Protein chains: 2
Amino acid sequence: MRKAVETAAQVCPVEVAVAVLGGTWKLTIVKYLLEGTLRFGELGRLLPLAGARTLTRQLRELEEDGVVDRKVFAQVPPKVEYSLTALGRSLENIVADLDRWGTNYASAAAQLGERAQQKSG
Amino acid sequence: MRKAVETAAQVCPVEVAVAVLGGTWKLTIVKYLLEGTLRFGELGRLLPLAGARTLTRQLRELEEDGVVDRKVFAQVPPKVEYSLTALGRSLENIVADLDRWGTNYASAAAQLGERAQQKSG
DNA sequence: CAGTATCCTCCGGGATACTG
DNA sequence: CAGTATCCCGGAGGATACTG
């Protein structure tokens, strides 16, 4: 259990959830993996803005937190497959809800933004 | 719209959700506000680990992102009330799900931890 | 009471170069 | 292909002192 998660556990269960899932790219990774196993390079192409080092770390943390499973094939060229654990799959509804909320938020925020512009402009 | 949120919007709706809700304390604040309006000091007492400066910033960001509403009473001693906007209230189910997931995670992680201990110890 | 101002530290995340 | 090593920067979050 990572330190951030332990601290969160002292506070509130929802805080635990954000400690595990809150990193940049993490929930998007989970969202993609919900559709099936992916190799490292495939994830990289799906997330063009994420660097290899960052992507690696996010995946390692998700692995350490028991959300994703990492399978290394001992071959040349190397091949590593990422998939969700049962814990990861249990996020399906939450991810779908957050996706809807985020979509809705984007349009709502666009209107907030317009009003803010009228205030300041 | 905060920069972090804008960046997230370029990536995926779920990333937007974590950009808005991902800060330390934020979802816990929302969880408490779902039960009713709270004053600044009350939130502070509910979150003893959060400093005043941090709490203030989280609340301001939530306000800027249209999740919470801040109402200042022009009186001495000062009084400020925080409540959820419609956007904030729309998080009710998500917060409940994350709370359940976090609770379940804590017990599942305890067992992962035991196994990890057996590996490394 | 509800903050602000100032300073500080830690670490997430990115850029680049290199490797088994 | 799937990383690691190294360096760097910005920003989140905390401690303390002060204020309208």
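Small disclaimer: the values here were computed from a predicted structure and weren't measured. Labels below follow one simple rule: chain letters A, B, ... track the order of the sequence lines, proteins then strands, and each chain is numbered from 1.
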Problem set entry | Side chain proximity check, B:I29 to B:L59, heavy atoms < 4.5 angstrom | yes
Can you give me the N/O atom pairs linking the protein to nucleotides 10-12 of chain D at distances under 3.5 Å, or say none if there are none?
| unit_1 | atom_1 | unit_2 | atom_2 | d |
| --- | --- | --- | --- | --- |
| D:dA12 | OP2 | B:R57 | NH1 | 3.1 |

Exercise. When we call it a touch if two heavy atoms are under 4.0 Å apart, what does A:F73 touch: a base, just sugar-phosphate, or nothing?
Worked result: nothing
For this session: Output yes when a side-chain donor or acceptor of B:E15 lies under 3.5 Å from a complementary backbone atom of A:L27, and no otherwise.
Result: no
For this session: Extract, from 5' to 3' on DNA chain C, the first and final nucleotides lying under 4.0 angstrom from some heavy atom of chain A.
Result: C:dC11 to C:dG20
Problem set entry | Stepwise side-chain contact (heavy atoms from CB on, under 4.5 Å) test for B:V68 and B:R70 | CA-CA 7 Å; B:V68 313; B:R70 178 169 173 267; 5.6 Å; no
Exercise. With a 4.0 Å cut-off on heavy atoms, is A:P78 in touch with a base, just the backbone sugar-phosphate, or nothing at all?
Worked result: base
For this session: Just do the side-chain contact (heavy atoms from CB on, under 4.5 Å) check on B:K3 and B:E6 with the steps written out, would you?
Result: CA-CA 5 Å; B:K3 204 183 106 190; B:E6 268 185 50; 5.5 Å; no
Exercise. Sub-3.5 Å donor-acceptor pair from the side chain of B:Y82 to the main-chain atoms of B:E63, do we have one?
Worked result: no
Exercise. Got more than 12 heavy atoms from elsewhere within 6.0 Å of CD, A:E42?
Worked result: yes
For this session: Kindly determine whether A:W25 and B:V11 satisfy side-chain contact (heavy atoms from CB on, under 4.5 Å), including the steps that lead there.
Result: CA-CA 9 Å; A:W25 316 113; B:V11 182; 3.6 Å; yes
Problem set entry | Trace of the side-chain contact (heavy atoms from CB on, under 4.5 Å) decision for B:T54 with B:T24 | CA-CA 9 Å; B:T54 298; B:T24 322; 6.0 Å; no
For this session: Among A:T28, A:L98, A:D99, find the one that has a side chain to side chain contact (heavy atoms under 4.5 Å, CB included) with B:P13.
Result: A:D99
Exercise. Can you tell me if CD on B:E92 sees more than 12 non-hydrogen neighbours from other groups inside 6.0 Å?
Worked result: no
For this session: Go through DNA chain D and write down every stem, that is, every run of at least three consecutive Watson-Crick or G-U wobble pairs with distances under 3.5 Å, as range with range.
Result: C:1-20 with D:1-20
